[in-house]
> 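Let me give you the structure first, and then I'll get to my questions.
In what follows, chains carry the letters A, B, and so on, assigned in the order in which the sequence lines appear, proteins first and then strands, with residues in each chain numbered from 1. Note that these values count all heavy atoms, side chains included, but never hydrogens, waters or copies made by symmetry.
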Amino acid sequence: MDVDGTLADGKKWKELSHHGVLFPPPYAPLKPTVHMLYDDEPCPLAPAAEEVALFYAGMMKRDYVKHAVFNKNFMADWKTQMSAAEKAKITDLSKCDFSKMSAYLDANSEARKARPKEEKEVEKIQKAALKEKYGFAVIDGERCAIGNYNVEPPGLFQGRGEHPKMGKLKARLRPEDVTINVSDRASAPAPPPGTKWKEVVCKDDVTWLAAWTENIAGNSKYVMLAADSPLKQRADLEKYEKARRLKVLAPKIREAYTQMLKSTQMVDRQKSTALYFIDRLALRAGGEKDTEEEADTVGCCNLRFEHVFCEQSEDGETKYIRFDFPGKDSIRYENTVEVAVQVWKNIRIFKKEPKGPGDQLFDRLKVPELNAYLKDFMPGLTAKVWRTYNASITLQEQLKSTPVDGAVEEKFLAYQRANRAVAVLCNHQRGASKQHGAQVEKMDEALTDIKKQLKESKKKLKEEKKGDKNAKKVEQLKKKIAGLEVREKKKEIAKVDKEENKTIALSTSKLNYLDPRISAQWCKMHNVPRSKVYNKTQQTKFKWAIAFIEYETKIWEF
DNA sequence: GCCCGAACTTAGCATTAGGGAT
DNA sequence: ATCCCTAATGCTAAGTTCGGGC
């Protein structure tokens, strides 16, 4: 077996069996009292159109329904589900009133929440039974959890950013749409009664158990094993080993591309400048995108004229590049960084007339060329490896400022800050939660309260010492004060942590970019319980790393 | 070489569960 | 015991990379 989970002959497994996928229940039409109004008149719909209307009704609280593209796409696809009569009548979305349907959905979910405990318990058991059957596959003799055994239900497509396909109808999947992958066709899972699978295949060079084609962009969707499966564990290890190898090679590669910044070949200048950004800023590769079909977002190689700006200090000594572009998931990337003079000069050249807004900054460069260049330094080295390397090395460096003899809370704050530095580097953002302000306020109140108690207790202690000097009481008060001081410190740390996390998401880097061996090592070294850094699921995902550090130390120091 | 589809990783948001406060 | 909030989980969209076909 090879480390990336591939068997020596390029196969992912020898034996694979599972129970297929689970489909959502068929659509249950609404009671006649719950209907749409059209032009203020009741307008009952046949089930096909009603189901799609209900999808829309379920999104009335979302911003999507205010979006012209969403509404246009929705209307077009909704019509495909209408009868001729419905189509003739319903021509204007603004005349559709879904409020009864929305209210019905709200009432439904309230009622679900309010169900008696026993009923919820029964449902839980039923769900567990389904997981027991459909949630596991046997791969080379080992029973492994499956990541996603429920096929995606129908609904309205919720693309991120200015996605041209938002609001389109995501079709309901039938067994006839789903391909099943197993090692033995004869013992393939049975499709639901009266149906057939699209196909049963025995593809042992892939890891998916089932696949289908989604109807919005025509992309493939897969059912795959969960993160704790040997296949995924080995792939994760291999990813970080590659990044670790890059650490050794990076100085050599830097030397090479720094030379190339001055190349007479425009392709090479662009290649080296792009790599400079990927190395220094951990930018994504930035492959080509079809703006007719998807949101307009960019990464490094497909940056355009309008995304980068050459700036400098007043004396002209220090050169800066300012970046401002929509990245993956349409998350804005804004950053101004000091750069080598040659890089700054290059960008000025790449932006020279006749180039203008809309034009590619690196017009001679495509991701495959950059990756081909990297491959010569190390097999498997691609732009993405730099991001992993950058994130992990940043964590490793930042963790060095952990207070050696601080309390666990202080050490953990240092860890959070190291994690945060990585999240900032990778531009992992999140929308500030609606309750953020209230939560901080609450913490402030709690702090004020602790401080007040502390003041009172201290005053009492002083009086007690002056007064009848009850030794027991003095002792009690001292204890109370010490306890309050610990609580105060904890709360203050937690508040700092919360405030600093307002719009920064730590989980993405923790889950995908930070070598878990560094974190496991850190816990061991600083005597911090591993559960402080990784919850149960994360510990399962990273069990390979936890096993690793029993034998190895200083994973990223060599 | 280039284009495109397949495969797999990375991403943020919505929902749910469960643990602490009352 | 219940309620409420946070943390965990679920979900699926959006990236990167690879490899096969022309």
> Could you work out, with salt bridge (charged side-chain N to carboxylate O under 4.0 Å, His left out) as the rule, every residue matching A:Lys536, not counting sequence neighbours?
none
> Taking only residues two or more places apart in sequence, or in another chain, which ones meet A:Phe55 in a ring-ring contact (aromatic ring centres under 6.0 Å, His included)?
none
> Which atom pairs link the protein and nucleotides 2-10 of chain B when you take only N or O atoms and keep those under 3.5 Å?
| from | atom 1 | to | atom 2 | distance (Å) |
| --- | --- | --- | --- | --- |
| B:dA7 | OP1 | A:Lys203 | NZ | 3.4 |
| B:dA7 | OP1 | A:Trp208 | NE1 | 3.3 |
| B:dA7 | OP2 | A:Trp208 | NE1 | 3.3 |
| B:dA7 | OP2 | A:Tyr222 | OH | 3.0 |
| B:dC8 | OP1 | A:Thr207 | N | 3.4 |
| B:dC8 | OP2 | A:Thr207 | N | 3.1 |
| B:dC8 | OP2 | A:Thr207 | OG1 | 3.0 |
| B:dT9 | OP2 | A:Lys232 | NZ | 2.7 |
| B:dT9 | O3' | A:Lys384 | NZ | 3.1 |
| B:dT10 | OP1 | A:Lys384 | NZ | 2.9 |
| B:dT10 | OP2 | A:Lys239 | NZ | 2.6 |
| B:dT10 | O3' | A:Tyr513 | OH | 3.0 |
| B:dT10 | O2 | A:Lys328 | NZ | 2.7 |

> Run the numbers on A:Glu123 and A:Arg112 for salt bridge (Lys or Arg N to Asp or Glu O under 4.0 Å), then give the verdict.
CA-CA 11 Å; A:Glu123 196 197 60; A:Arg112 264 184 64 79; 2.9 Å; yes
> Considering heavy-atom distances to DNA chain C, does A:Glu294 or A:Val151 have its closest nucleotide positioned more toward the 5' end?
A:Val151
> Can I get a per-line list of side-chain donor-acceptor pairs under 3.5 Å for residues 154-165 of chain A, giving both atom names and the distance, sequence neighbours left out?
| from | atom 1 | to | atom 2 | distance (Å) |
| --- | --- | --- | --- | --- |
| A:Arg160 | NH1 | A:Asp329 | OD1 | 2.6 |
| A:Glu162 | OE1 | A:His67 | NE2 | 3.1 |
| A:Glu162 | OE2 | A:His67 | NE2 | 3.4 |
| A:His163 | ND1 | A:Lys165 | N | 3.0 |
| A:Lys165 | NZ | A:Ile216 | O | 3.4 |
| A:Lys165 | NZ | A:Glu293 | OE1 | 2.8 |

> Starting at atom NZ of A:Lys61, determine the distance to atom C1' of B:dC13, rounded to an integer number of angstrom.
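In whole Å, B:dC13 C1' and A:Lys61 NZ are 16 Å from each other.
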> At under 4.0 Å between heavy atoms, what does A:Gly327 touch on the DNA or RNA strands: base, sugar-phosphate, or nothing?
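Touches sugar-phosphate only.
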> Applying a 4.0 Å non-hydrogen cut-off, can you work out what A:Gly299 is touching in the nucleic acid: base, sugar-phosphate, or nothing?
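Here A:Gly299 touches no strand at all.
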> Whether A:Lys289 and A:Asp296 form a salt bridge (side-chain N of Lys/Arg under 4.0 Å from carboxylate O of Asp/Glu) is what I want to check.
no
> Apply side-chain hydrogen bond (donor to acceptor under 3.5 Å, both in side chains) to A:Arg174 and list each qualifying residue two or more places apart in sequence or on a separate chain.
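With sequence neighbours excluded, A:Arg174 shows a side-chain hydrogen bond (donor to acceptor under 3.5 Å, both in side chains) to A:Asp177, given in chain and number order.
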> Check nucleotides 18-22 of chain C against the protein and report each pair of N or O atoms closer than 3.5 Å, with its distance, or say if there are none.
| from | atom 1 | to | atom 2 | distance (Å) |
| --- | --- | --- | --- | --- |
| C:dC18 | OP2 | A:Lys375 | NZ | 3.3 |

> Base, sugar-phosphate or nothing for A:Lys289? Non-hydrogen atoms, less than 4.0 Å.
sugar-phosphate
> Can you name the side-chain hydrogen bond (donor to acceptor under 3.5 Å, both in side chains) partners of A:Tyr149, sequence neighbours left out?
none
> Going 5' to 3' along nucleotides 15-22 of chain B, which nucleotides have protein heavy atoms under 4.0 Å from the base (write B), which only from the sugar-phosphate (write S), and which from neither (write -)?
--SS----
> Not counting sequence neighbours, which residues clear side-chain hydrogen bond (donor to acceptor under 3.5 Å, both in side chains) with A:Asp363? List them please.
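With sequence neighbours excluded, A:Asp363 shows a side-chain hydrogen bond (donor to acceptor under 3.5 Å, both in side chains) to A:Gln270, A:Lys355, given in chain and number order.
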> Other residues, nucleotides and ligands only: do more than 12 of their heavy atoms fall within 6.0 Å of NZ on A:Lys543?
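Count over threshold, so yes.
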> Can you list everything that forms a side-chain hydrogen bond (donor to acceptor under 3.5 Å, both in side chains) with A:Lys168? Sequence neighbours excluded, please.
A:Asp77
> Any residue in residues 160-178 of chain A with a heavy atom nearer than 4.0 angstrom to DNA chain C? Just list them by number, or reply none.
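The stretch gives A:Arg160, A:His163, A:Lys170 as the residues lying under 4.0 Å from the strand, ordered by number.
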> Does A:Glu288, at its CD atom, have more than 12 non-hydrogen atoms belonging to other residues, nucleotides or ligands within less than 6.0 Å?
no
> Of A:Lys117 and A:Gly159, whose closest DNA chain C nucleotide lies nearer the 5' terminus?
A:Lys117
> What nucleic acid atoms does A:Gln538 come within less than 4.0 Å of, heavy atoms only: base, sugar-phosphate, or nothing?
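The answer is nothing, as A:Gln538 stays clear of every strand by at least 4.0 Å.
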> Do NZ/NE/NH1/NH2 and the carboxylate oxygens of A:Glu369 and A:Lys366 come within less than 4.0 Å?
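Judged by the 4.0 Å cut-off on N to carboxylate O distance, A:Glu369 and A:Lys366 do not form a salt bridge.
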> Listing request: all side-chain hydrogen bond (donor to acceptor under 3.5 Å, both in side chains) pairs with a residue in residues 204-215 of chain A, at least two apart in sequence or in separate chains.
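Listed once each, the pairs would be none.
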